[in-house]
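Keep in mind that this is a model prediction, so the values were computed, not measured.
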Protein chains: 2
Amino acid sequence: MTSPDLAAVARRAGVSAATASRVLSGRGPASTASRDAVRRAATELGYVPHPVARRLARGAGTRILFAVRDRRAGILHDPYVTRAAAAMAAAVDPDGLGVTLRRLPLAATAALETIAADRSVAAVVLAGHDRDLLEHLPTGLRGRTAAIGAGGTDVDSAAGIGALLRHLHDTGRRRIALVSGPRWLAASGAPLRAYTELTRAAGLPSRVVAGDFTAERGRAAAVTVLRRWPDTDAIATVSDATALGVLLGLAAAGIRVPQDIAVTGFDDIPLVSAYPGLSTATHPVEPIAQAAARAALGAPAPQRLFPSHPVLRATA
Amino acid sequence: MTSPDLAAVARRAGVSAATASRVLSGRGPASTASRDAVRRAATELGYVPHPVARRLARGAGTRILFAVRDRRAGILHDPYVTRAAAAMAAAVDPDGLGVTLRRLPLAATAALETIAADRSVAAVVLAGHDRDLLEHLPTGLRGRTAAIGAGGTDVDSAAGIGALLRHLHDTGRRRIALVSGPRWLAASGAPLRAYTELTRAAGLPSRVVAGDFTAERGRAAAVTVLRRWPDTDAIATVSDATALGVLLGLAAAGIRVPQDIAVTGFDDIPLVSAYPGLSTATHPVEPIAQAAARAALGAPAPQRLFPSHPVLRATA
DNA sequence: CTGTTAGCGCCTTCAA
DNA sequence: TTGAAGGCGCTAACAG
């Protein structure tokens, strides 16, 4: 009842364990004859390599570490993070690997050194990084690290948010505010640049408030916008959560959406955007996370930037 | 720069590797003297056991498999699943393990056999199971499997939903419908029983429609309820997603919430329940998932049933 | 292209 | 209580 090992396969195929290993792992040469013999023996015996033994022998780890840099301890409960983690956990299943989730503080260098020394870690997927972090990766992590977000596998947020901004402009909005992402985050750059370019090109005023992807900050941002620029007629945000907070803030102030102020989100999270009829743009988190996991494991990255499409509903 | 191995620790402590192993793994006898010597040597060298080697030697796997039984392929994108998976991924980090996510078809026996034979799997956490599945676990999985939901670690949904139903009754609702979970799911039983008991005790009519935790089915269920029992004055559901669908369905029919019909959800998902002001009950998914993961790994289960508290907002 | 020989790092009988 | 020896299952360097 115990599964056969490599030796059994080799014996049955009439070759040495080394040859069987070469054939089955696809590393190293092997004649067609022995290749066939080994393959046949393997299927006949129902041989399945032991992933743990394999990893140990190769000196490779057995898990992907999804490291999320953020100042909030609760970041690991964030829908974006949980979705990405789950997608990776499903993606690495065929490889016999697992996924571990860990938060990194903003000053993450020391933590990365620790990770580099952890022999159970096969590869690392980084999120919430800034430029500096990517450029100063520990030597031991180079070649087995991938990033989700700016500089790595990412959604084309500039295109998605750009399209929303253009829609706002096309529908007559002229005083558009943006609730952006936090400054410490590299990924905050692209949407901000898209906004800056568009407002400048269209001769619109620039009204930016920094958010942090939470609804709470969105709400506060809405208040700030109303106070600083009372004639604002649209508020674009960089996440559905932020947009939800903005909606709550506007509702509390008795402002009608979209009549008085239009609102857009970003992410198109199914349950979140459906109810308020949030106008937003898609964010294929799962494919991105899977691509990042594969890239971290050494697969050639087929795609760096995943498209984002506007989804217009009721709020803009 | 390469980390020290057990042999190095043993050498420095003046004992054999076997003794060092016994001390550091906490298995097997060791004199106080050698115990101290080994411990000191280990900390001095900054020794960290190699998780993969350890697991191989013990014949244990390196990952927890979170197996979710469901008929929908998209179940792995469900917020409940992703939250649980992420929580486990964070929880097993200290053990050097990882988490893998996999869907199981309703007829899951064969899949479980495969899992039992997978030597990379240290333990299994099961969700979406029915009674039969738990009772017919493959031998190889017994002792290293835990379940989330009925019969395992679970939220006290009967209490949470019971409290909501009582609230509905207390506020004058007398024709309360329930959109339940799917019949093939063991966890659907508790809320249904709570509903049945309450309606019977209060002499109310029983109006049950089966849902499946999706908003789409919630919407359909609302339509069904309106058609079959037009005088319904409250609709309780077993998930926020379902409740959202119900809200959308009622809105489409021009029905006012809560004036005409009150609506309750279950889960209290932050972003989801906030905007419509959904009245719901809490569901501590993360603690439950962590407890299940620990239980699967052999830790004594400290708690089987986690409390659920009603959260009253605008819809009921 | 192939087999032999050593590991990978730890755990676990077994005899002392 | 301890050490020696032999795995766990597979891979990699090295002759041949």
Side-chain angles (χ1 to χ4, degrees), chain A residues 1-39 41-42 45-63 95-97 117-122 140, chain B residues 1-39 41-42 45-63 95-97 117-122 140:
Chain A
M1 200 50 234
T2 164
S3 42
D5 63 2
L6 187 63
V9 175
R11 216 174 302 126
R12 177 174 250 256
V15 299
S16 72
T19 299
S21 171
R22 287 187 204 108
V23 172
L24 263 14
S25 67
R27 332 181 132 199
S31 68
T32 317
S34 47
R35 196 178 299 282
D36 290 346
V38 169
R39 291 238 175 86
L45 291 175
Y47 171 76
V48 179
H50 190 144
V52 182
R54 181 171 261 185
R55 295 265 155 194
L56 176 62
R58 288 188 192 162
T62 57
R63 55 178 181 165
D95 299 317
L97 300 174
D118 184 339
R119 289 111 104 214
S120 72
V121 174
Chain B
M1 203 47 236
T2 167
S3 42
D5 62 3
L6 187 63
V9 175
R11 215 175 304 127
R12 176 176 250 255
V15 301
S16 73
T19 300
S21 171
R22 286 190 277 259
V23 172
L24 294 174
S25 67
R27 331 178 136 201
S31 67
T32 317
S34 48
R35 195 179 300 282
D36 290 346
V38 170
R39 291 238 174 84
L45 291 175
Y47 170 76
V48 179
H50 189 146
V52 182
R54 179 171 262 187
R55 294 265 156 193
L56 175 62
R58 289 188 193 163
T62 57
R63 56 176 180 166
D95 300 318
L97 300 174
D118 184 339
R119 288 109 105 214
S120 72
V121 173

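Rounded to an integer number of Å, the gap from CZ of Arg11(A) to C1' of dG3(C) is 16 Å. Atom P of nucleotide dC8(D) and atom CG of Asp5(A) are separated by 8 Å, given to the nearest angstrom. Distance, Arg54(B) CZ to dG9(D) P: 19 Å, rounded to whole Å. Taking atom CZ of Arg58(B) as the reference point, atom P of dC10(C) lies 11 Å away to the nearest angstrom. Put simply, CG on Leu24(A) is 15 Å from P on dG9(D), counting in whole angstrom units. Separating the CG atom of Leu6(B) from the P atom of dC8(C) is a distance of 13 Å, rounded to the nearest angstrom.
Comparing dC10(D), dC10(C), dA4(D) by their nearest atom to the side chain of Ala53(B) picks out dC10(C). Closest approach to the His50(A) side chain among dT11(D), dC10(C), dC10(D) is made by dC10(D) (side chain taken as heavy atoms from C-beta onward). Closest to the Arg119(B) side chain, of the nucleotides dT2(C), dT12(C), dG9(D), is dG9(D).
Among the atoms of the strands shown, base atoms are found under 4.0 Å from some heavy atom of Leu56(A). Residue Val52(A) is classed as having no contact, given no heavy-atom separation below 4.0 Å to the nucleic acid. Among the protein residues, Ala30(B) comes within range of the sugar-phosphate backbone only, with heavy atoms under 4.0 Å from sugar or phosphate atoms but none that close to a base.
Side-chain contact annotation: Arg119(B) with Ser3(A), donor-acceptor N/O pair under 3.5 Å present. Arg63(A) and Ser120(A) form a side-chain donor-acceptor contact under 3.5 Å, judged by distance and modelled atom types alone.
Remark: the backbone N or O of Ser21(B) is paired with a side-chain donor or acceptor of Ser25(B) at under 3.5 angstrom.
Summary of the strand contacts: Ser34(B) and Val48(A) both lie near DNA chain D, and taking for each the nucleotide with the nearest heavy atom, the more 5' one is attributed to Ser34(B).
Contact of Arg22(A) with dG3(C) (side chain to base): a donor-acceptor pair of N or O atoms is detected under 3.5 Å.
For the atom pair Leu45(B) CG and Asp5(B) CG, the distance stands at 9.5 Å (nearest 0.5 Å). Atoms OG1 and CG, from Thr62(B) and Leu97(A) in turn, are 7.5 Å apart once rounded to the nearest 0.5 Å.
Distances shown here put every side-chain N or O of Ser31(B) at or beyond 4.0 Å from the OP1 or OP2 atom of dT1(D). One finds no side-chain N or O of Ser16(B) lying less than 4.0 angstrom from the OP1 or OP2 phosphate oxygen of dA4(D).
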